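Contents: one structure, followed by commentary.
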Amino acid sequence: MRYTLNKNKYLLEPESQKLLELLDTYMATDTRNCLLIMLALKTGARAQELLNIRKIDLNAYDQTVSIRGIKGSNDRELPLKPEFFNKLYKFAQSSADDKLFPISYNRLRQIWELYRPVQKKFHCLRHTFAIQVYKKTKDIRLVQVALGHRNIMNTMIYADYVYSQQELRKMIL
């Protein structure tokens with residue numbers, strides 16, 4: 001059976017906005033945790049991929065982050081907006097640890113429960129990222145590369161979902 005998306009598996013626009021506002025509010029006082037969630041939203045990286053990022057994976061010259069794929073996915077290097085990259089890089093330089101976020105998966109889940117705008121899993125950030133990239137570019141190959149999918153069929157769920165939602169809306173409204 002093929003995996004399907006629905007509105008419980010990604011953040012809707014108002015939910016995404018609420019999360020960004022929360023992260024912005026607490027960025028100064030809870031920098032690590034806010035940066036972690038923001039990085040998930042801006043890269044679509046899986047939870048464990050985020051926890052595996054090391055300081056040397058941040059490329060100051062290109063303002064990119066390298067993500068080592070897990071679950072058979074490809075490694076990828078994703079650009080970040082300069083303002084966000086600079087915050088992340090400054091945070092990395094202030095840490096003595098080799099890992100960017102030296103926490104456990106369970107701790108990540110606890111942090112997500114503190115910040116999540118609605119009762120959706122952390123993985124919804126990956127789907128949110130993919131849907132946003134697809135809606136913005138209409139380039140399924142770009143979504144595939146950004147997510148590290150080896151097989152384009154895994155990525156097609158985003159194109160199918162966005163297309164069907166848009167077409168149904170045109171037909172009904």
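Quick caveat, the model's predicted, so the values are computed rather than measured.
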Side chains of T43 and L50: does their closest heavy-atom pair fall under 4.5 Å?
yes
Closest non-hydrogen atoms of I140 and T155, given as atom of the first, atom of the second and distance, are CD1-O, 3.4 Å
Write down the atom of V162, the atom of K135, and the distance for their closest heavy-atom approach.
CG1-CG, 3.9 Å
Membership question, hydrophobic clusters at under 4.5 Å side-chain separation (ILVMFWY): are I157 and M153 in the same one?
yes
Under 3.5 Å, side chain of S16 to main-chain N/O of L12, donor-acceptor pair present?
no
Rounded to the nearest 0.5 Å, what separates atom CG in N8 from atom NE2 in H127?
11.5 Å
Looking at T128 and L11, would you say the former's side chain and the latter's main chain have a donor-acceptor pair under 3.5 Å?
yes
Would you be so kind as to tabulate the donor-acceptor pairs closer than 3.5 Å made by side chains of residues 83-93, with sequence neighbours excluded?
unit_1, atom_1, unit_2, atom_2, d
N86, OD1, Q63, NE2, 3.3
N86, ND2, P82, O, 3.1

Spell out, as yes or no, whether a donor-acceptor pair under 3.5 Å connects the side chain of K42 to the backbone of K81.
no
Output yes when a side-chain donor or acceptor of E49 lies under 3.5 Å from a complementary backbone atom of R46, and no otherwise.
yes
With sequence neighbours excluded, what pairs up with D75 under the side chain to side chain contact (heavy atoms under 4.5 Å, CB included) test?
R68
Parallel, tilted or perpendicular, judged at 30° and 60°: which one describes the rings of Y115 and Y26?
perpendicular
For K121, does the NZ atom sit with more than 12 other heavy atoms under 6.0 Å from it, leaving out its own atoms?
no
For L41 and F129, what are the C-alpha separation, side-chain angles and deciding distance, and is it a side chain to side chain contact (heavy atoms under 4.5 Å, CB included)?
CA-CA 6 Å; L41 193 57; F129 168 79; 5.7 Å; no
Run the side chain to side chain contact (heavy atoms under 4.5 Å, CB included) test on V65 and N59 for me, step by step, so that the C-alpha distance in whole Å, both residues' side-chain angles and the decisive distance to 0.1 Å come before the verdict.
CA-CA 6 Å; V65 60; N59 179 329; over 6 Å; no
Would you find a donor on one side and an acceptor on the other, under 3.5 Å apart, between the side chain of K120 and the backbone of K7?
yes
Looking at every heavy atom in both P79 and T64, which two are closest together, and how far apart are they?
CA-CG2, 3.8 Å
Would you check if R32 and L100 make a side-chain contact, meaning some heavy-atom pair closer than 4.5 Å?
no
Shortest non-hydrogen separation from S73 to I70 and the atoms involved
OG-O, 2.5 Å
Return yes if some donor-acceptor pair links the side-chain N/O of R76 with the main-chain N/O of N74 below 3.5 Å, else return no.
yes
Is it the case that over 12 heavy atoms from other parts of the model lie below 6.0 angstrom from the CZ atom of R109?
no
Are any non-hydrogen side-chain atoms of L147 and Y158 less than 4.5 angstrom apart?
yes
Let me check something: do L51 and L125 share a hydrophobic cluster, defined by ILVMFWY side-chain heavy atoms less than 4.5 Å apart, either directly or through other members?
yes
Could you tell me the separation between the CG atom of L58 and the CD1 atom of I53, rounded to the nearest 0.5 Å?
7.5 Å
Hydrophobic cluster membership, L142 vs I152, 4.5 Å side-chain cutoff:
yes
Do Y161 and I131 touch side chain to side chain, with heavy atoms closer than 4.5 Å?
yes
Contact check, side chains of D62 and E77, non-hydrogen atoms, under 4.5 Å
yes
Rounded to the nearest 0.5 Å, how far apart are CZ of R54 and CG of D97?
12.0 Å
Check whether V118 and Y10 end up in the same hydrophobic cluster, where Ile, Leu, Val, Met, Phe, Trp and Tyr are linked by side-chain heavy atoms less than 4.5 Å apart.
no
If you apply the rule side chain to side chain contact (heavy atoms under 4.5 Å, CB included), what do you find for M27 with C34, and how did you get there?
CA-CA 6 Å; M27 185 63 77; C34 290; 3.7 Å; yes
Are the side chains of F101 and L39 in contact, using a 4.5 Å heavy-atom criterion?
yes
Is a side-chain donor-acceptor pair under 3.5 Å present for Q110 with N106?
no
Check side chain to side chain donor-acceptor pair (under 3.5 Å) between K71 and all other residues, then give those that pass, not counting sequence neighbours.
none
Under the side chain to side chain contact (heavy atoms under 4.5 Å, CB included) criterion, do R116 and L19 qualify, and how do the steps go?
CA-CA 7 Å; R116 66 184 182 181; L19 176 61; 6.0 Å; no
In terms of heavy-atom contacts, G44 and R126 come closest through O-NH1, 2.6 Å
Of all the heavy-atom pairs spanning I37 and W112, show the shortest one and how long it is.
CG2-CZ3, 4.0 Å
With the side chain counted from C-beta on, respond yes when L20 and M38 share a heavy-atom pair under 4.5 Å apart, and no when they do not.
yes
Hydrophobic cluster membership, with links at side-chain heavy-atom distances under 4.5 Å among I/L/V/M/F/W/Y: are Y163 and V143 in one?
no
Do the non-hydrogen side-chain atoms of N33 and L23 ever get within less than 4.5 Å of each other?
no
